[in-house]
Amino acid sequence: YLAARPDDATAHYGLGHLLQMQLGTEEATKEFRRSIELQPVQTESYYELGQIALDGKHDAEAAQLFRPAIARAPTHGGALTGMGILSYRAKNYADAEGYLAKAIVSAPDYQPAHYYYSLALAHVGKRTEAEQQLKIAASLQQKRAMPTAEKP
C-alpha cells in the first residue's frame with residue numbers, strides 16, 4: 001500500500017504500530033516520524049514516539065512528544081499517563097497526581113495509570129486513596145493476565 005501511496009500519513013502510522021508490536025523500535029520510530037512529517041496532527045504518532053522515549057528513559061524527549069498529543073487530544077489516557085510517569089520520575093508528585101487523575105478518568109481500564117496514580121498519591125500523603133488505586137491496578141493486571149475462554 002505504501003509503495004502505491006507513499007504520502008499516506010495514516011499508513012505510515014499503521015506500519016509503525018505493527019513494527020513496534022514486533023519489537024522493531026528503530027523501524028517503528030522512522031515510520032511514526034514520517035507520519036508526523038506528512039501530517040503534523042498525527043496525535044497517535046506523537047504518543048507512540050513518546051512511549052518509546054519513555055520506555056528508553058529519554059524523559060525530556062518523551063515530554064516533548066506527549067505534549068502535542070495532549071494538546072490535540074486533552075483526554076488521551078496514554079499521553080496523560082506518560083506525563084504522570086515523567087512527573088513522578090522527576091519527583092513532582094503533585095503534578096503526577098494531576099496527570100494521572102485525568103488519565104484514569106479518560107482510560108479507567110489502563111493499569112499503568114492506576115499503578116502510578118497509587119504511587120503519586122502515597123507520596124502526597126493520601127494513603128487510603130493510594131491503597132485503593134493499587135488494588136484497582138492489581139485487579140486490572142490480573143484480568144489482563146487471565147486467559148480468555150474460547151468460543152466454540
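These values consider heavy atoms only, across backbone and side chains, with no hydrogens, waters or symmetry-generated copies.
Contact of the Lys30 side chain with the Phe32 side chain is not registered, since no non-hydrogen atoms from C-beta on lie closer than 4.5 Å. Between Leu100 and Leu80 there is no side-chain heavy-atom pair separated by less than 4.5 Å. Residues Thr43 and Ile70 form no side-chain contact, since every pair of their non-hydrogen atoms from C-beta on lies 4.5 Å or further apart.
Within the structure, the salt bridge (charged side-chain N to carboxylate O under 4.0 Å, His left out) test picks out the following pairs touching residues 2-15 (sequence neighbours left out): Asp7-Arg34. Residue pairs meeting the side-chain hydrogen bond (donor to acceptor under 3.5 Å, both in side chains) criterion with at least one member in residues 55-69, sequence neighbours excluded, are Arg33-Glu61, Gln51-Asp55, Asp59-Arg89.
Qualifying side-chain hydrogen bond (donor to acceptor under 3.5 Å, both in side chains) partners for Glu131, counting only residues two or more places apart in sequence or in other chains: none. Partners of Tyr46 under the ring pair (Phe, Tyr, Trp, His ring centres under 6.0 Å) rule, at least two apart in sequence or in another chain, do not exist in this structure. His12 pairs by the ring pair (Phe, Tyr, Trp, His ring centres under 6.0 Å) definition with nothing, not counting sequence neighbours. Under the side-chain contact (heavy atoms from CB on, under 4.5 Å) criterion, Leu19 pairs with Leu15, Gln22, Glu27, Ala28, Glu31, not counting sequence neighbours. Taking Thr25 as the reference, Thr29, Ile52 meet the side-chain contact (heavy atoms from CB on, under 4.5 Å) condition, with sequence neighbours excluded. Under the side-chain hydrogen bond (donor to acceptor under 3.5 Å, both in side chains) criterion, Thr81 pairs with no residue, sequence neighbours left out. Checked against side-chain contact (heavy atoms from CB on, under 4.5 Å), Thr75 has the following partners two or more places apart in sequence or in another chain: Ser106. Glu129 is linked by a side-chain contact (heavy atoms from CB on, under 4.5 Å) to Leu121, Lys126, Gln132, counting only residues two or more places apart in sequence or in another chain.
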In residues 110-120, what donor-acceptor pairs under 3.5 Å come from side-chain atoms, sequence neighbours left out?
from, atom 1, to, atom 2, distance (Å)
His114, ND1, Gln133, OE1, 2.5
His114, NE2, Pro108, O, 2.8
Ser118, OG, Tyr115, O, 2.5

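Aromatic rings from His123 and Tyr88 are positioned such that their centres are separated by under 6.0 Å.
Under the 4.5 angstrom side-chain criterion for Ile, Leu, Val, Met, Phe, Trp and Tyr, the cluster partners of Leu140 are Ile136.
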